[in-house]
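In what follows, every chain begins at residue 1, and chains take the letters A, B, ... in the order their sequences are listed.
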Protein chains: 2
Amino acid sequence: MRMLSQAVEDYLKAIYKLQGDGRVATNDIAQVMEVSSASVTNMLKRLTKMELVDHASYKGVRLTGAGTKVALEIIRHHRLLETYLKEIMGFSWSEMHAEAERLEHHISEEFEERIDEMLGFPTHDPHGHPIPTKDGQIADSATQTLAEVEPGERVVVHHVSDADSDLLEYLEGAGLLPNSRVHVVEKEPFNGPITVAMDGAERVIGREVASHVFVAHERPFEAGA
Amino acid sequence: MRMLSQAVEDYLKAIYKLQGDGRVATNDIAQVMEVSSASVTNMLKRLTKMELVDHASYKGVRLTGAGTKVALEIIRHHRLLETYLKEIMGFSWSEMHAEAERLEHHISEEFEERIDEMLGFPTHDPHGHPIPTKDGQIADSATQTLAEVEPGERVVVHHVSDADSDLLEYLEGAGLLPNSRVHVVEKEPFNGPITVAMDGAERVIGREVASHVFVAHERPFEAGA
DNA sequence: TTCTTTTTTTAGACGCGACTAATCTTTATA
DNA sequence: TATAAAGATTAGTCGCGTCTAAAAAAAGAA
Ligand SMILES: [Mn+2]
Ligand SMILES: [Mn+2]
Ligand SMILES: [Mn+2]
Ligand SMILES: [Mn+2]
């Protein structure tokens with residue numbers, strides 16, 4: 001396997017994250033990568049030649065087996081790095097993400113193994129995202145958000161969105177991080193605020209915030225594979 | 001200050017290391033960078049436009065103040081990383097160097113500060129090379145090698161060459177690392193082997209090896225600024 | 001000083017990864 | 001179903017960082 005560029009790796013990662021069952025649209029890739037659609041088409045042609053994706057003109061794109069493997073490898077780097085930067089080096093949520101976003105492309109397998117070991121082979125990163133194994137296995141994530149939970153129900157935070165680090169700071173302050181037990185006490189109508197209880201203490205949060213908190217009804221870290 | 005590419009940073013570092021008093025030759029840069037002379041000329045033109053070097057056609061090149069600052073910043077990253085990788089993460093000599101060579105271009109100032117702090121603000125890397133300070137101060141290195149020391153003299157290893165990691169493994173086994181006290185017992189003529197005593201135990205090493213071990217007559221880490 | 005060798009630069013090319021503008025294909029709407 | 005809008009691709013350009021081959025300049029030898 002020849003050396004892949006940072007750009008190639010980031011495209012594969014983006015496609016992986018956009019790709020559910022079906023195929024991924026050029027425009028969607030352009031949006032998350034913050035480049036023009038023309039740039040995406042150009043890259044897709046090259047990724048196709050490298051047999052990392054399967055692209056049919058005007059019909060979207062899908063990762064091949066090889067492409068998936070690369071994407072998962074980069075995601076593994078990213079999540080191990082995030083965990084290491086936060087747990088061992090004391091980075092904040094926002095610094096941690098930005099740093100991992102760059103370093104994920106530049107660490108060696110040796111480095112990956114060292115931090116994995118130093119962290120005690122973690123299965124999830126600080127957001128609660130599953131860390132792919134070295135051979136490309138990955139647990140699937142909870143899909144229900146706290147905003148969808150009915151009053152009276154008790155859930156456990158599985159993972160949180162990694163999109164907005166200010167939000168993460170807020171969630172940390174509110175105690176809404178992976179593994180927190182949450183009891184939904186009340187929901188105001190018309191997308192109104194939600195009253196939750198954690199460790200007995202009640203707290204009111206907005207519906208918007210709640211929609212970035214993903215929950216499960218059982219203990220989350222036993223749930224996945 | 002805009003973002004500089006890895007290539008630009010590595011050129012500046014190479015020029016810094018080649019540059020003594022005078023100017024650096026295109027061919028010498030080409031050799032250490034392992035690229036063609038034409039590539040070097042091309043890069044020198046661009047570095048000149050960026051005001052990082054001062055290049056006169058056919059007359060060699062010198063770093064400007066700004067160029068020196070960048071070079072020292074990268075060298076600081078490199079040496080802090082080497083120290084961190086070896087001391088905290090348990091990398092070997094060869095892995096440590098290769099890893100630092102890449103990561104030096106990709107860590108943030110935040111990362112730099114964290115490892116500096118975690119290491120207790122070291123002044124020298126595992127080779128004994130001085131680590132530039134954040135504001136670009138650097139201690140100068142010893143220039144006498146163990147091969148030049150006369151029998152009967154007692155010296156302290158200041159630093160070792162970082163060129164050959166097999167050699168470093170050997171030096172580590174022999175106990176010839178920075179701060180080791182060495183008593184030169186005997187030197188065979190015609191570039192023959194040198195007998196040294198360390199902690200009482202005698203050992204015979206080749207002249208070639210000895211020429212990669214730089215020594216001082218006083219305690220080295222008190223000597224520099 | 002003149003010729004030869006070495007060093008450096010120039011000229012022209014290439015792949016990467018981005019861009020804009022124009023065009024083509026597909027999908028939605030009237 | 002014809003037309004308009006949205007989505008995707010093509011065409012052409014650019015800077016980066018590399019290359020080889022050829023030309024020019026500097027240094028060394030006769
Ligand atoms: Mn990235
Ligand atoms: Mn994450
Ligand atoms: Mn480097
Ligand atoms: Mn070093």
Side-chain angles (χ1 to χ4, degrees), chain A residues 1-16 18-20 22-63 67 70-71 74 101-102 104-106, chain B residues 1-15 18-20 22-63 66-67 70-71 74 101-102 104-106:
Chain A
M1 175 71 76
R2 72 212 155 288
M3 189 64 182
L4 300 175
S5 71
Q6 166 159 354
V8 164
E9 291 179 350
D10 276 335
Y11 272 97
L12 294 173
K13 200 173 72 160
I15 296 168
Y16 179 90
L18 288 168
Q19 167 181 303
R23 303 176 71 88
V24 179
T26 301
N27 264 4
D28 293 350
I29 300 169
Q31 201 197 325
V32 309
M33 294 288 296
E34 297 182 282
V35 296
S36 71
S37 309
S39 300
V40 174
T41 300
N42 174 60
M43 179 57 93
L44 292 182
K45 281 179 181 303
R46 285 173 30 229
L47 294 177
T48 299
K49 197 175 304 171
M50 293 189 257
E51 298 185 300
L52 293 168
V53 305
D54 168 12
H55 176 232
S57 231
Y58 294 100
K59 300 289 180 193
V61 70
R62 267 186 71 78
L63 294 177
V70 173
I74 300 303
E101 194 60 48
R102 265 177 297 108
E104 64 188 0
H105 309 287
H106 304 293
Chain B
M1 175 72 75
R2 73 210 156 290
M3 188 65 184
L4 300 174
S5 70
Q6 166 158 357
V8 163
E9 292 179 348
D10 275 337
Y11 273 98
L12 293 174
K13 201 173 72 161
I15 295 167
L18 288 167
Q19 167 180 301
R23 304 177 71 88
V24 179
T26 300
N27 263 4
D28 293 350
I29 299 169
Q31 201 196 325
V32 310
M33 295 288 296
E34 297 182 284
V35 296
S36 71
S37 309
S39 299
V40 174
T41 300
N42 174 62
M43 179 58 91
L44 292 182
K45 282 178 182 302
R46 284 172 33 226
L47 294 177
T48 299
K49 197 174 305 172
M50 293 188 257
E51 298 185 301
L52 294 168
V53 305
D54 167 13
H55 177 230
S57 229
Y58 295 102
K59 300 289 180 191
V61 69
R62 267 186 70 79
L63 295 178
V70 173
I74 300 303
E101 194 60 47
R102 263 176 298 109
E104 63 187 1
H105 309 288
H106 305 292

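Nucleotide D:dA8 holds its C1' atom 17 Å from the CE atom of A:M43, rounded to whole Å. For B:I29 and C:dT8, the CD1 to C1' distance is 12 Å, given to the nearest whole Å. Whole-Å rounding puts the B:E34 CD to D:dT18 P distance at 12 Å. Atom C1' of nucleotide C:dT9 and atom NE2 of B:H55 are separated by 9 Å, given to the nearest angstrom. The interatomic distance linking A:D28 (CG) with D:dA6 (C1') rounds to 13 Å, in whole Å. Distance B:L44 CG to C:dT10 P: 11 Å, rounded to the nearest Å. At whole-Å resolution of the value, CZ in A:R23 and P in D:dA8 are 12 Å apart. Atom CD of A:Q31 and atom P of D:dA6 are 15 Å apart (whole Å).
How far CD1 of A:I74 is from CG of A:L12: 8.5 Å, rounded to the nearest 0.5 Å.
A close approach under 4.0 Å does not occur between any side-chain nitrogen or oxygen of A:S39 and OP1 or OP2 of C:dA18. For C:dT8, the OP1/OP2 oxygens have no side-chain nitrogen or oxygen of B:S37 closer than 4.0 Å. Contact between the side-chain N/O atoms of A:Y11 and the OP1/OP2 oxygens of C:dA18 is found at a separation under 4.0 Å. Here B:N42 does not reach the OP1 or OP2 of D:dT18: none of its side-chain N or O atoms lies under 4.0 Å away.
In this structure, of C:dT26, C:dT8, C:dA18, it is C:dT26 that holds the atom nearest to the side chain of A:K59. The listed nucleotides are C:dT10, C:dA18, D:dG7; the one nearest the side chain of B:T41 is C:dT10. Considering only side-chain atoms of B:A38, the nucleotide from D:dA26, D:dT20, D:dT9 that sits closest is D:dT20. Here C:dT25 is the nucleotide among C:dT10, D:dT10, C:dT25 with the atom lying nearest to any side-chain atom of A:Y58.
Of the possible polar contacts, one joining the A:R23 side chain to the A:D54 backbone as a donor-acceptor pair under 3.5 Å is found. Under a 3.5 Å cut-off, the side chain of B:E9 and the backbone N or O of B:A71 do not form any donor-acceptor pair. Within the 3.5 Å criterion, the main-chain N or O of B:V35 finds no donor-acceptor partner in the side chain of B:S39.
Across all strands, A:K49 comes closer than 4.0 Å to no nucleic acid atom at all (heavy-atom distances). A:T26 comes within 4.0 angstrom of sugar-phosphate atoms only, judged by non-hydrogen atoms across all strands, and of no base. Using a 4.0 Å heavy-atom distance criterion, A:S57 is classed as a sugar-phosphate-only contact.
Comparing A:S36 and B:V40, the nucleotide of DNA chain C nearest to each residue sits closer to the 5' end for B:V40.
Of the options B:L44, B:V24, B:I15, a side chain to side chain contact (heavy atoms under 4.5 Å, CB included) to B:H55 is made by B:L44 and by none of the others.
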